[in-house]
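Just so you know, ligand 1 is whichever comes first in the structure, and atom 1 is the first atom listed for that ligand.
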Amino acid sequence: MRHAVALGTLLTASLFSQSFYLPSEAVPRKQTVQLTVDPARETFEGSVSIDVELKAPASIVWLNAKNLPISSAFIAQGESVRPAKVIPSSDERIGIDGGRPLEGPATIRIAYQGRLDDKALSGPYRRKFEGEWYAYTTFAPIEARRVFPCFDEPRFKTPWDISIRIKREHKAFSNGRELSETEESNGWKLVKFATTEPLPAEMVAFAVGPFDVYDGGIAGHGTPVQVITAKGHAAEGHAAAQATAAILPRLEAYTGIPYAFGKLDHLALPAGAFGAVENPGLITYRTRNLLVPPNQETATFTRALRSLQAHEIGHQWFGNLVTQASWDDVWLSEGFATWISAKMMDQEEPPERVHLAAIAARERIMAVDNPARSRPVRTAINSRDTARDVYNRVVYEKGAAILLMLEGWLGEDRFRNGLRAYLKEHRFGNATTDDLAAALGAVSGNDPSRVLNTFLNTTGVPELRGQLLCDRVSAPRLRVTKSSPGSVPVCWRANRVPSSCTVLEGPSTEIALPTGTACPAWFYLNSGGTGYYRTRWSQAPTQALSELSGAERLTLVYDLRASKNASAQAALARLTSDADPQIASAARDALK
Ligand SMILES: [Zn+2]
């Protein structure tokens, strides 16, 4: 629904953006790709066969394609196969013109040539490493069109049938497991891969070259794991396989859904545009993030590797099983992967350290979250230029901080159940922020739409102030004021008053304390430390210090940092000797 609106604005916006999204009459149902790839050569040959469904009569089917010289194109419908004209449009797409209007199912067949770039790190590219050539791919968000004509948008998810003709001495990998290898003449062989689950074009991946493989055995609910390295480096994959054995079962347990993509290969890239890319079945990583000689494995390296894998494998549910319907909602992929990685890594921490890593990350993004230095999490992507900003860090870090807040507000169990319902309902399909809100609302009884709208679509960190109102006439109340418009869920607690949450709408809200409560000695405005806001303290809650959790004390340190009043300085001075070294160190920094 939301995508249709974005498209409407887009069509009137400018001629350039008009060509960025494909029209909606033709929908792909299955994409079959055959490539001939020798990494030692700069060019490769390809042919695609795309089953489409034309929902309305159209004589031209538009596809994304970039720098792919086409040698032939046909449209087949029923018994009839006709040559088609290829209409070059922008740099980003071509039209396949069948000469007369088509409706219903049809198949488009295109033969073409492409280039393996040896400078770029996106699209299909090749690199020479230790004297051998290798071919790799990185498509997200819009470079799949450099390897095959396709429907290169996240809303178009289809099964992919991929086969690659390679030199006899090479190996090839793709998203699906290898089905067969057939010898051909002149030193070639054809490798066929299993049909994938529905994937957007940007998550298709392959690699060709004289690779070695570290067999990582079976992880979680029966997923075979391999680490794929350059020739002679297989032993360096040991730590990566161990990390998957630890992480995959945690994600399966949290989501309640077994890993859905058959096999899981981790592939090392000598150079990469990103630290890692979550292609289902074939996750790619910069070599230094994935491989380590067995005698050089350190606790710091394996921890960083588990955290990275928790992000990438987390995407197999958030991003791959359920894909954002448009790039505007890419936080449903990146915000979730960032949040769930911290959550999975918290399982290695003692209870008093839970959320500390996420709160420190939140602090870093809060420091830049204002209109002058940042952008909202959700923003319109409508050109190659704006697509460069798809993976802005605010999408990851603020997206994750918003999820931490939702979990704190709705409750850990209800939040997990809402996510499980969301994943189940949109399994192998697409979803929007509204779909997420609907699933969370149904399970928790609290509709988070207005809160999501406030935090996803605007910049800035709300500031809250609290005041206990205790007089002889009425029962004690907590007055909370906030600095900016929008809906902010605040969770609070006080001396002998357990935590509860309220969504602040207006500038000032008075919350009645439970009946019979005497005026409490202290209150704390961010219980659990999960809220995405600053609490401004005119008087630091010194009496609360011994009662606050680690997450609450760290949040307090960050909130007091800007305050120069004596009580804030005194509280920070006490926190410099906190039992937790991270909190003590943050307090020392705050006093500098
Ligand atoms: Zn990611």
Step-by-step side chain to side chain contact (heavy atoms under 4.5 Å, CB included) determination, K157 to L199: CA-CA 5 Å; K157 291 176 76 172; L199 304 181; 5.8 Å; no
Using a cut-off of 2.8 Å, find all protein N, O or S atoms closer to the Zn ion (ligand 1) than that distance. H311 NE2, H315 NE2, E334 OE1
Any idea how W339 and F415 line up, ring-wise: parallel (<30°), tilted (30 to 60°), or perpendicular (>60°)? perpendicular
If the plane angle is over 60° it's perpendicular, under 30° parallel, otherwise tilted; pick one for Y259 and W317. perpendicular
Do other residues, nucleotides or ligands put more than 12 heavy atoms under 6.0 Å from K231 NZ? no
Side-chain atoms of residues 117-124: list all donor-acceptor pairs with protein atoms under 3.5 Å, sequence neighbours left out, distances to 0.1 Å.
residue	atom	partner	partner atom	Å
D117	OD1	K119	N	2.7
D117	OD1	A120	N	2.9
D118	OD2	R126	NH2	3.0

Y134 and F211 aromatic ring geometry - parallel, tilted or perpendicular at 30°/60° bounds: tilted
